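These values consider heavy atoms only, across backbone and side chains, with no hydrogens, waters or symmetry-generated copies. Quantities reported herein were computed from a predicted structural model and do not represent experimental measurements.
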Amino acid sequence: METMTDSHTNFPGLAEVAATEHLAVVSDFDGTLAGFAKAIYEVEPEPRSLAALERLAGLPNTTVAALSGRHLEGLKRVFPLREPVLLGGSHGAESSWQDTALTPQMQEHLDRKEAEIRELMERFPGAEIEIKPFQRVLHLRRLELSDPDLAAEAYAAGRALDPAGFPMTAGKSVIEFSATQATKGSWISELRERVGATATVFLGDDVTDEDGFAVLDQPPDLGVKVGEGETLAAHRVPDIAAVSDFLEELAAARAVHFGA
């Protein structure tokens with residue numbers, strides 16, 4: 001089988017990972033496969049990225065997955081690919097291959113956080129809440145567009161809420177309170193074990209994606225950070241258009257490896 005060398009690619013390490021025995025390709029959704037929008041269900045994924053992922057999923061010994069902070073049903077509303085493409089939601093708390101239930105303690109925590117976020121919504125008109133199976137999320141993107149100073153004040157107030165020993169994540173214009181210890185890193189680790197991946201590519205842009213980069217062994221794995229900011233990823237691309245470029249090159253190199 002022919003392999004592609006790094007001299008033929010713009011992405012260091014891509015040729016080696018494309019030639020691995022079993023490749024897992026995992027991508028975040030928002031900010032990676034799709035841009036941002038005022039409303040969470042108005043986003044549109046990049047067609048080139050979807051086509052590249054679909055091509056990869058059709059190749060031998062290649063597992064493709066989308067792993068998002070969105071809950072699983074919400075991810076399905078904006079991400080059109082299905083089996084054999086796998087899905088992970090709620091930052092790894094949900095998987096398309098299994099069901100997971102809340103304990104009474106977890107539900108009590110979510111109810112408390114929801115009440116506190118709704119109080120903030122009264123104090124800061126324009127702030128919004130997202131209800132996910134394992135999380136309650138304060139959303140401030142819409143408020144930022146109309147009143148950045150008020151949004152900054154609301155962000156600080158959200159950061160000041162007590163997570164009560166459960167995870168809290170402050171991301172881009174969102175503060176998320178979770179009732180589970182699952183992370184994108186734990187989800188990727190489970191996926192790798194399930195499919196027997198010998199190398200994993202993970203692409204992401206936000207704070208929670210660093211949990212995914214943290215479990216990679218680079219090389220043979222390859223983490224790809226989208227945009228600015230400190231990261232554990234070995235490679236960086238500037239934007240979602242560059243993500244499409246990367247995925248297209250990866251799909252082409254993987255196809256060459258199998259003579260497809």
Decide yes or no for Val43 and Asp30: does some side-chain heavy atom of the first lie under 4.5 Å from some side-chain heavy atom of the second? yes

Heavy-atom side-chain contact between Val237 and Phe11 under 4.5 Å: yes

Quick one: do Ile129 and Leu138 satisfy side chain to side chain contact (heavy atoms under 4.5 Å, CB included)? Show the steps, please. CA-CA 5 Å; Ile129 188 172; Leu138 173 65; over 6 Å; no

Looking at Phe177, Phe166, Phe134, which hits ring pair (Phe, Tyr, Trp, His ring centres under 6.0 Å) with His109? Phe166

Is it true that Thr198 and Thr20 share a donor-acceptor pair across their side chains at a distance under 3.5 Å? yes

Around atom CZ of Arg236, are there more than 12 heavy atoms of other residues, nucleotides or ligands at under 6.0 Å? yes

Stepwise side chain to side chain donor-acceptor pair (under 3.5 Å) check, Thr32 with Ser27: CA-CA 7 Å; Thr32 304; Ser27 180; 5.1 Å; no

Is any side-chain heavy atom of Ile117 closer than 4.5 Å to a side-chain heavy atom of Met121? yes

I'd like to know whether Phe213 forms a ring pair (Phe, Tyr, Trp, His ring centres under 6.0 Å) with Phe202, so could you lay out the CA-CA distance, the side-chain angles of the two residues, the decisive distance to 0.1 Å, and finally the verdict. CA-CA 7 Å; Phe213 297 139; Phe202 176 54; 5.2 Å; yes

Contact summary for Arg142 and Gly126, nearest pair of heavy atoms: CB-O, 4.4 Å

Can Thr183 and Val215 be said to form a side chain to side chain contact (heavy atoms under 4.5 Å, CB included), step by step? CA-CA 11 Å; Thr183 67; Val215 302; over 6 Å; no

Using modelled atom types only, decide if a donor and an acceptor are shared between the side chain of Ser146 and the backbone of Leu143 within a distance under 3.5 Å. yes

Would you say the side-chain atoms of Asp239 pair up with the backbone N or O of Ala242, donor to acceptor, closer than 3.5 Å? yes

With a 4.5 Å cut-off on side-chain heavy atoms, are Leu86 and Val64 touching? no

NZ/NE/NH1/NH2 to OD/OE distance under 4.0 Å, Asp28 and Lys184: yes

Between Ser186 (side chain only) and Ala182 (backbone N and O only), is there a donor and an acceptor less than 3.5 Å apart? no

Would you compute the distance between atom CG of Asp205 and atom CD of Glu228 and round it to the nearest 0.5 angstrom? 12.0 Å

To the nearest 0.5 Å, tell me how far Ile175 CD1 sits from Leu161 CG. 7.5 Å

Taking everything shown except Glu83 itself, do over 12 heavy atoms lie less than 6.0 Å from its CD? yes

Return the minimal non-hydrogen interatomic distance between Ala251 and Ala52, and the atom names on each side. CB-O, 3.9 Å

What's the shortest heavy-atom distance between Trp187 and Gly92, and which atoms? CD1-O, 3.4 Å

Residue from Glu176, Glu130, Glu128 passing side chain to side chain donor-acceptor pair (under 3.5 Å) with His139: Glu130

When you compare the side chains of His235 and Gln218, does any donor N or O come within less than 3.5 Å of an acceptor on the partner? no

N/O donor-acceptor pair under 3.5 Å between Ser95 side chain and Trp97 backbone: no

Could you walk me through whether Glu94 and Leu75 pass the side chain to side chain contact (heavy atoms under 4.5 Å, CB included) check? CA-CA 11 Å; Glu94 297 180 285; Leu75 178 59; over 6 Å; no

Measure from the side-chain N and O atoms of Arg136 to the backbone N and O of Lys132, and report whether any donor-acceptor pair falls under 3.5 Å. yes

Answer with yes or no whether the hydrophobic clustering places Leu120 together with Leu110; edges join I, L, V, M, F, W, Y residues whose side-chain heavy atoms lie under 4.5 Å apart. no

Working for salt bridge (charged side-chain N to carboxylate O under 4.0 Å, His left out), residues Arg112 and Glu108: CA-CA 6 Å; Arg112 187 180 307 114; Glu108 180 182 354; 3.1 Å; yes

Between the main-chain N or O of Leu67 and the side-chain N or O of Arg70, is there a donor-acceptor pair closer than 3.5 Å? no

Give a yes or no on whether Leu23 and Val195 share a hydrophobic cluster (residues Ile, Leu, Val, Met, Phe, Trp, Tyr; joining criterion: side-chain heavy atoms under 4.5 Å apart). no

Between Leu53 and Phe246, is there shared hydrophobic-cluster membership here, with clusters defined by ILVMFWY side-chain heavy atoms closer than 4.5 Å? yes

Note: Glu73-Arg77 ion pair, threshold 4.0 Å (strictly below): no

For Leu87, does its backbone N or O pair with a side-chain atom of Arg82 as donor and acceptor, under 3.5 Å? no

So, taking the atom named CG in Leu203 and the one named CD1 in Ile240, what distance separates them when rounded to the nearest 0.5 Å? 12.5 Å

If you compare all heavy atoms of Arg55 against all heavy atoms of Ala255, which two are closest, and at what distance to 0.1 Å? NH2-CB, 3.4 Å

Group every Ile, Leu, Val, Met, Phe, Trp and Tyr by side-chain heavy-atom contacts under 4.5 Å, then state whether Val26 and Val85 land in the same group. no

His22 and Thr63: side-chain donor and acceptor closer than 3.5 Å? yes

Before you tell me yes or no, could you show the steps for Thr200 and Val17 under side chain to side chain contact (heavy atoms under 4.5 Å, CB included), namely the whole-Å CA-CA distance, both residues' side-chain angles and the distance that decides it to 0.1 Å? CA-CA 8 Å; Thr200 299; Val17 77; over 6 Å; no

Are side-chain heavy atoms of Pro167 and Gln181 found at a separation under 4.5 Å? yes

Thr169-Thr208 side chain donor-acceptor pair, cut-off 3.5 Å: no

Common cluster, Tyr41/Ile131, ILVMFWY with side-chain heavy-atom separation under 4.5 Å: no

Short question: side chain of Gln135, backbone of Ser90 - any donor-acceptor pair under 3.5 Å? yes

Less than 4.0 Å between a side-chain N and a carboxylate O, is that true for Arg118 and Glu114? yes

Student check: side-chain heavy atoms of Leu102 and Pro133 closer than 4.5 Å: no

So Asp209 and Val226, do their side chains get closer than 4.5 Å, heavy atoms only? no

Report the distance from atom OG1 of Thr231 to atom CD of Glu210, rounding to the nearest 0.5 Å. 3.5 Å

Side chains of Val201 and Asp221, heavy atoms from C-beta outward: is any pair under 4.5 Å? no

As an exercise, state the distance from CG of Leu250 to CG of Leu59, rounded to the nearest 0.5 Å. 9.5 Å

Check for me whether Arg141 meets the cation-pi criterion with Phe36, that is, NZ or CZ under 6.0 Å from the six-membered ring centre and within 45 degrees of the ring axis. yes

For Arg254 and Ala18, work out which heavy atoms get closest and say how close. NH1-O, 2.9 Å

Return the CG to CZ distance between Leu150 and Arg123, rounded to the nearest 0.5 Å. 10.0 Å

Which atom of Gly158 lies closest to which atom of Met168, heavy atoms considered: O-SD, 4.2 Å

Looking only at side chains, do Ser173 and Glu144 share a donor and an acceptor under 3.5 Å apart? yes

